[in-house]
K.L.:
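If you scroll down you'll find the structure; I have some questions about it.
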Amino acid sequence: MDNLKSDIQFLTGVGPKRAEILRKEANISVFEDLLYYFPYRHSDRSKFYEIREISPDLPYIQLKGKFISFEKAGGGRHTRLTGLFNDGTGLVEIVWFKNLKWIASTYNTEKEYVLFGKPVKFGNKVNIVHPEIDEFGVWQKKLTAGLQPHYSTSENMKKNYLNSKAIEKLIQNAFIQIGTSVKETLPSWIINKYKLLPINKALKAMHFPQNTDELANAQYRFKFEELFYLQLKIVRVKNWRYQKIRGYKFNRANDNIVIKCFKQLPFTLTGAQTRVLQEIRSHFESGNQMNLLLQGDVGSGKTLVALLSMLIAIDNGYQACLMVPTEILAKQHFTSISKLLYDLPVNIGLLTGSTKKSVRNEILKLLSGGSLNLLIGTHALIEDTVRFRNLGYVVIDEQHRFGVAQRAKLWEKGETVPHIMVMTATPIPRTLAMTVYGDLDVAVIDELPPGRKPIKTVHATDSQRLGVYGFIEKQIKLGRQIYVVYPLIEESEALDYKALSDGVEGITKAFPPPKYVTAVVHGRLKNDDKEYSMRLFVVGKAHILIATTVIEVGVDVPNAGVMIIESAERFGLSQLHQLRGRVGRGGDQSFCVLMTPNEIGETAMKRISTMVETNDGFTISEVDMQLRGPGDLEGLKQSGFDIGLKVASISKDSQLMQYVRNIAEDIIKEDIYLQLPKNQILLHRLNDLKDDFGDWGRIS
Ligand code: ADP
Ligand code: MG
């Protein structure tokens, strides 16, 4: 029998009751699960730190010395016990909040102790709270070679004598009972070629490494393996897709409209725009259906790339559509695209929720008849009544506002799946993109049009508000327009609207009409009023636009030179970046002011300082990912993003991810159905792992 799959209750020291707890609390039901229950860290119990070198940056540390005094402090619920600990190099305060009686009666100032704990900063002191404590003599007897594993355990586990130490013991038992019989999960040629630890060695070393090198080798093997199978699966699906789904071929040589449009552009394309267009063109000509994610920072000129590539489709006799998340944006695109196509034989339509019925019917008729070439619109585009004659290409702007299902609706309409490009100005790190968006191709515009001055960003606290108003006044004198943005989230909606209306009042006082015109836009306004306010600002009649985040996406007012973000500490990094992207679109120097209270938390401060330091969306998204973990990134949460990585981390192991991606690609290139004998383990393993992976990232 396969020991690995034996019920955990048959392991020495478990039994039915603890088996139940292990299953419920830690998802451990068979031996194998236990072996893969990796410790979250190891401690080196052979090394002592000196108190004089302690700092809060250190991880868990071990000290040897004596208590010189104990003292009770605080009262009631806040009673605590502190002990001064001395190792001959200095003193450190040890603090307890619980079990004070027991501690006071157990430890004394006579004996020598070994402490193990994490130094933390408290006020301007460093102390250690609730360390593990052993008498030195006891500690010596316990001392095992190598590093000691620490396992996470729940309260319920601890109550049933399944603390970290107990888990450690169980794992030792498991290794004794099964020996080294775990079957290899990677082909031997991969183990050899990439110098990985074999499975049995690696498993053992994950728990009981002799030294940190061995631990690192074991972790490397499992990181490699996790990321490798993840990528292998993605690459395989992607290649299947290429084989199964054919795409329209746009290879007509006389690109009339594109070339004409090109000639009448008021500027030349940036290198990055040209390169991306070339990439799109080669997808169009390949015969495969394109599924492209276009990442480009705010203001990098994605719309133009969208337009030119849509013209290629139109030149080839197909219809194209551009779908955007808001009505304001749809109109803006319609206007600017109509201007760029001035005089060219392209019929453009605009369809939004507020399109009048008669106009709408006319558009639908032209669309199904085929004489409308290009349709721009909002969600209204995916209603069932909308029928294209021959939709060849769909561009989706600011993708995270659309759910996957909504997107899919658009192309379920046609018989053949059209080419698809999703554009996003919330760049996510490449390695994340190629995982989250699974089988999408990723293209990047990594260059801004020339002549843009980087936006200057400053952090100002509420007590500096007067100075900020002075600055606004000067900028208005220079002819620039100002955005002031307030946070608005559902959970605190009432409070947020209060802050907004207080803000409006404050600004109107500081910038009174008729000399100054202030426009206000937020979700509680009627559509018409919203439009009206927005227009006032767009045409330059309003000096200041006070808004909630509705302006976050896409709005283009080149004369707006200052972005003030109120309560900036409450915004996420990608949102801050989006908002800031609303300015800096003209040739003049633009500014972004991040307003916060005087005191803000550490991560909020990190977000603010990142914004102050850099304008680069990719750097910002990297920091965002480190701060929040990839699962929390914008748009990923709602897509149920969970790829079940245990050892590897998408944010920390991006280099390894790229490395194993290449390996996976080579394997699939050689053996797409994994039929070669040397790849049999891969095939079986992928089938075994099937349930662990979600079905992410497919957009068509
Ligand atoms: P994005 O959608 O990527 O945020 P847009 O497409 O709105 O950016 O472009 C921002 C601004 O830059 C627009 O006003 C556009 O006309 C202008 N623009 C685009 N490409 C170029 C270029 N190659 N040279 C100069 N200006 C450009
Ligand atoms: Mg845009």
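Whatever order the structure lists them in is the order used to number ligands and atoms, beginning at 1.
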K.L.:
For I445, is the nearest heavy atom under 4.0 Å from an atom of ligand 1?
P.N.:
no

K.L.:
Taking the inter-plane angle between the rings of F511 and Y469 on a 0 to 90° scale, is it parallel (under 30°), tilted (30 to 60°) or perpendicular (over 60°)?
P.N.:
perpendicular

K.L.:
Using a 4.0 Å cut-off to any heavy atom of T268, which atoms of ligand 1 qualify?
P.N.:
22 (C), 23 (N), 24 (N)

K.L.:
Which atoms of ligand 1 have any heavy atom of D297 under 4.0 Å away?
P.N.:
3 (O)

K.L.:
Would you kindly say whether R452 and S300 are connected by a side-chain donor-acceptor distance under 3.5 Å?
P.N.:
no

K.L.:
Are any side-chain N or O atoms of R360 and backbone N or O atoms of L351, one a donor and one an acceptor, separated by less than 3.5 Å?
P.N.:
no

K.L.:
Within the 3.5 Å criterion, strictly below it, is a donor on Q273 or T270 matched to an acceptor on the partner's side chain?
P.N.:
yes

K.L.:
Taking non-hydrogen atoms only, is D397 closer than 4.0 angstrom to ligand 1 via side chain, backbone, both or neither?
P.N.:
neither

K.L.:
Do G296 and ligand 1 have an N or O pair less than 3.5 Å apart?
P.N.:
no

K.L.:
Pairing donors with acceptors under 3.5 angstrom, does anything connect the side chains of Q319 and N373?
P.N.:
no

K.L.:
Here's one to test your reading of the geometry: is the NZ or CZ of R607 within 45 degrees of the ring axis of F571 and under 6.0 Å from its centre?
P.N.:
no

K.L.:
On a heavy-atom basis, I'd like to know which of Q273, Q332, R452 is closest to atom 11 (C) of ligand 1.
P.N.:
R452

K.L.:
Once you restrict to heavy atoms under 4.0 Å, what part of M423 touches ligand 1? Side chain, backbone, both or neither.
P.N.:
neither

K.L.:
Is it the side chain, the backbone, both or neither of L269 that has a heavy atom closer than 4.0 Å to ligand 1?
P.N.:
backbone

K.L.:
Under 3.5 Å between any N/O of G301 and any N/O of ligand 1: does that happen in this structure?
P.N.:
yes

K.L.:
Give me the ring orientation class for Y393 and H419: parallel if the planes are under 30° apart, tilted from 30 to 60°, perpendicular past 60°.
P.N.:
perpendicular

K.L.:
Just jot down the ligand 1 atoms closer than 4.0 angstrom to any heavy atom of T270, in number order.
P.N.:
23 (N)

